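Because the structure is predicted, anything quoted here is derived from the model rather than measured.
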Amino acid sequence: MSPTKIVAAVASVLLVAGCSGSSDGGDKKSDAVPVPKGFDLPAGVTLTKGGTTLTEDKPASVIYQVGDKAASAITVTVSSVRKGSIKRDFAFFSLDDESKASSPFYVDITVKNEGPAGLGGAALPIYAHDSSNTNLPANQIVGTFNPCPRPTLPKTFLPGSTAKLCLVYLVPKGKALQSVDLQTGSAKDAITWTP
């Protein structure tokens, strides 16, 4: 299935990110963390400012809110970005011509639920950003896919839990993968990892 035809499963997800107050002589109003009303940031968690660029294995912490229900601080780390092979990895899939010409990428991430809410089964708003300035949602793959298993958080994902996930992206022919983006409400405020 073409990535342009895939509906992102995270339409109702809102991420709010910012950086914490400075430690060099007081809080600055411009650096205030925009947190949802009534949300208490867990002790020891420092939020990552929107627009931050990171390298692999560097974590980012954000507030992850699913609709009007669960909200929890999470720490996300992109540990690796691997290029796959359409011919080898998707040999038994029925793909359209556009997908057959694309380049698959597998993004390994670690997510820690810092609390206070459980986030079981939620899909993360993490996108592949290509050289045409397009954000591609992770491809939904039905069944077992050995090169890149575990695309969503476990059904039970309570505070203190850590999960290792793998997301599949099909980057269109002629485009290059520029970054992996954790969407923070607007594209300019995305937290990005450069492979």
Where do Val78 and Ile126 land on the side chain to side chain contact (heavy atoms under 4.5 Å, CB included) test, with the steps shown first? CA-CA 10 Å; Val78 173; Ile126 297 178; 5.7 Å; no
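Across Pro42 and Gly115, no two heavy atoms sit closer than the pair CG-O, 3.3 Å. The two residues Pro59 and Leu54 come nearest to each other via the heavy atoms O-CD1, 3.7 Å. Of all non-hydrogen atoms in Trp193 and Val76, the two that sit nearest each other are CZ2-O, 3.4 Å. Here the closest non-hydrogen pair linking Ser99 and Ile86 is O-CD1, 3.5 Å. Heavy-atom minimum distance, Asn113 versus Leu119: ND2-N, 4.0 Å. For Phe157 against Val111, the heavy-atom pair with the smallest separation is CZ-O, 3.5 Å.
Rounding to the nearest 0.5 angstrom, the gap separating the CD atom in Gln183 from the NE2 atom in His129 is 10.0 Å. The NZ atom of Lys49 sits 9.5 Å away from atom CG of Asp189, with the distance rounded to the nearest 0.5 Å. Summarising the geometry, atom CG belonging to Leu136 is positioned 9.0 Å from atom OH belonging to Tyr169; distances are rounded to the nearest 0.5 Å. Of the inter-residue distances, the one linking Thr110 atom OG1 with Asp57 atom CG reads 8.5 Å to the nearest 0.5 angstrom. A distance of 8.0 Å separates CG in Leu177 from CG in Asp130, rounded to the nearest 0.5 Å. In this structure, CD in Glu114 is found 10.0 Å from OG1 in Thr46, a value given to the nearest 0.5 Å.
In the hydrophobic cluster analysis, where Ile, Leu, Val, Met, Phe, Trp and Tyr join through side-chain heavy atoms closer than 4.5 angstrom, Tyr106 is grouped together with Phe93. With hydrophobic clusters built from ILVMFWY side chains whose heavy atoms lie under 4.5 angstrom apart, Leu158 does not share a cluster with Leu153.
The closest side-chain donor-acceptor pair between Ser79 and Thr77, if any, does not fall under 3.5 angstrom. Inspection of the Ser61 and Thr48 side chains reveals no N or O donor paired with an N or O acceptor under 3.5 Å.
Among residues at least two apart or in separate chains, salt bridge (Lys or Arg N to Asp or Glu O under 4.0 Å) pairs with a member in residues 70-84 are Arg82-Asp108. Listed by first and then second residue, the disulfide bond (SG atoms under 2.5 Å apart) pairs that reach into residues 104-177 are Cys148-Cys166, sequence neighbours excluded.
A heavy-atom distance below 4.5 Å is found between the side chains of Ile141 and Phe90. Between Ile74 and Val62 there is a side-chain heavy-atom pair separated by less than 4.5 Å.
In this structure, the ring of Phe92 has its center no less than 6.0 angstrom from the ring center of Phe145.
For Thr55, the side-chain contact (heavy atoms from CB on, under 4.5 Å) partners at least two apart in sequence or on another chain are Lys58, Thr194.
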